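Worksheet for the structure shown next.
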Number of protein chains: 2
Amino acid sequence: MTEQSAMTPAAERVLEVVENLFYDKGIHAVGVDMIAAEAGVTKKTLYDRFGSKDVIVRLYLERRDARWREHVTAVVEQPGRFGPRRRVLLMFDALESWMAAENPRGCAFVNALAELPDPDHPARPAIGDEKQWVLDYLRQLVRDTGARNPRKLAASLFMLFEGAAVAASVDVVPGAVAGARDAARQLLDAAL
Amino acid sequence: MTEQSAMTPAAERVLEVVENLFYDKGIHAVGVDMIAAEAGVTKKTLYDRFGSKDVIVRLYLERRDARWREHVTAVVEQPGRFGPRRRVLLMFDALESWMAAENPRGCAFVNALAELPDPDHPARPAIGDEKQWVLDYLRQLVRDTGARNPRKLAASLFMLFEGAAVAASVDVVPGAVAGARDAARQLLDAAL
DNA sequence: TTGACGGTAAACAGATCTGTATAGTACGAC
DNA sequence: GTCGTACTATACAGATCTGTTTACCGTCAA
């Protein structure tokens, strides 16, 4: 996947600081000077390691995606052996804890898409990959429940999922993710 | 509300061009020089009329919100007298036609929020207002159906709504809005 | 007829943007 | 002990950012 094996200490520091900078302030609002200063690295080093800001943006998204998938799978596939129906709902528990801990400003990939309209931007594939993975993961979980029309149900759950992230970030719906989980349970039970 | 009465011809032209520029390219990616050139206006005029780019951003969102509300109410309250349950689902029809015609890059307000992290930015209220209006409008429509737990149901529909916009813009779910409407119908019928 | 208003044209200020260039230091491997 | 690697420090290039300034031209109303 993301071979972070070859990362030098300075490069590692850069990727650590952009995780917060890009997410908190937005991609365009963060210049390479700020990145270098925050990481305690010279711009020379920064360009020697990555070649361009766009590459750093791509790595930012890829690394965040990796952390996100780890979080989700850790929650959904936690030992204790929950049944398939329960595992679907655990997806929303994973989202809830992720939102509280790391995502107050909404989905980083939706936000990145807002800032990167160019379809040829090197970071664009990372955005589509994250969304496709969530959808595929939901499809697999739903299929395991034996629900009717699993693809359609997974698509509905996916939209509840993404909508809950939006609702939580704009802060107009109290308990957004919990509400989304309740709705997901209804849709799921109706299809069993 | 937005008193666009006092708008001079040049100012009107500016607001017309930023509607597309900001939405298509993103707010930070569009400079005032580009705005002035595209509107056929000098920067002097631009600053005489608006005072700052931030004000233009605020007006951009307010005007888009006004157009969006007009579109939604025109679809939902179209003559023909649909019943309350049908009117709820018409919200999703309104979203579908809006997405196809004006929203291929997702919700302008979610995108703007991604680019404007500062809670004190003058354009921020416009973002919250749009989301609050959609939620309130759904609440009213749901209440008219006599469904149980109308606030909770409206919140679920709101999340399906926002999620459908995300799903359509990232283009991983074919027929996203139609799927969201089907899920909405299920939730609605279960509460009647 | 005078003066306010809306506008053009064009230069400028000062900051910040991505990216490059030059020069030199510390260190580990072979 | 020499060579390559990773790094610092710093200056620079050229573009672009928001915003200001000066000078001038119509038009319309009091």
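Everything numeric here is computed off the predicted structure, so don't read it as measured data. We name chains A, B, ... by the order of the sequence lines, and we start the count at 1 in each one.
- Results of the salt bridge (Lys or Arg N to Asp or Glu O under 4.0 Å) test with Arg64(B) over Glu16(B), Glu70(B), Glu19(B), Glu130(B) single out Glu19(B) as the only residue that passes.
- Rounded to an integer number of Å, the gap from Leu46(A) CG to dG19(C) P is 10 Å.
- Distances shorter than 4.0 Å separate some side-chain N or O of Thr8(A) from OP1 or OP2 on dC7(D).
- As rounded to whole Å, 8 Å separates atom P of dC17(C) from atom NZ of Lys53(A).
- The NE2 atom of His121(A) sits 11 Å away from the P atom of dT18(C) (whole-angstrom rounding).
- Closest-nucleotide positions on DNA chain D for Tyr47(B) and Lys44(B) were compared, and the one nearer the 5' end corresponds to Tyr47(B).
- For Lys43(A) against dG19(C), a side-chain-to-base donor-acceptor contact under 3.5 Å is present.
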Practice prompt. Let me see the working for Val30(A) and Tyr23(A) under side-chain contact (heavy atoms from CB on, under 4.5 Å), right down to the final yes or no.
Written response: CA-CA 10 Å; Val30(A) 175; Tyr23(A) 184 75; over 6 Å; no
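- Counting non-hydrogen atoms under 4.0 angstrom, Gly40(A) reaches the backbone sugars and phosphates but no base.
- Using a 4.5 Å cut-off on side-chain heavy atoms (C-beta onward), Val110(B) and Glu162(B) make contact.
- The distance from atom CD of Glu12(B) to atom P of dG6(C) is 14 Å, rounded to the nearest whole Å.
- Using the six-membered ring where Trp is involved, Trp98(B) and His71(B) have ring planes that are tilted, between 30° and 60° apart.
- Nucleic acid contact for Asp33(A): base, since at least one base atom lies under 4.0 Å from a heavy atom of the residue.
- Nearest-nucleotide mapping onto DNA chain D: of Ala11(A) and Asp54(B), the residue sitting toward the 5' end is Ala11(A).
- Atom CE in Met7(B) sits roughly 14 Å away from atom C1' in dG6(C) (whole-Å rounding).
- Salt bridge Arg105(B)/Asp24(B): absent, no basic N to carboxylate O contact under 4.0 Å.
- Here dA6(D) is the nucleotide among dG7(C), dA6(D), dT18(C) with the atom lying nearest to any side-chain atom of Arg49(A).
- Taking atom CE of residue Met34(B) and atom P of nucleotide dC17(D), one finds them 7 Å apart after rounding to whole Å.
- Remark: Thr42(B) is not in phosphate contact with dA10(C), judged by side-chain N or O atoms under 4.0 Å from OP1 or OP2.
- dA9(C) atom P lies 15 Å from atom CG of Asp48(B), rounded to whole Å.
- Separating the NE2 atom of His28(B) from the C1' atom of dT16(C) is a distance of 13 Å, rounded to the nearest angstrom.
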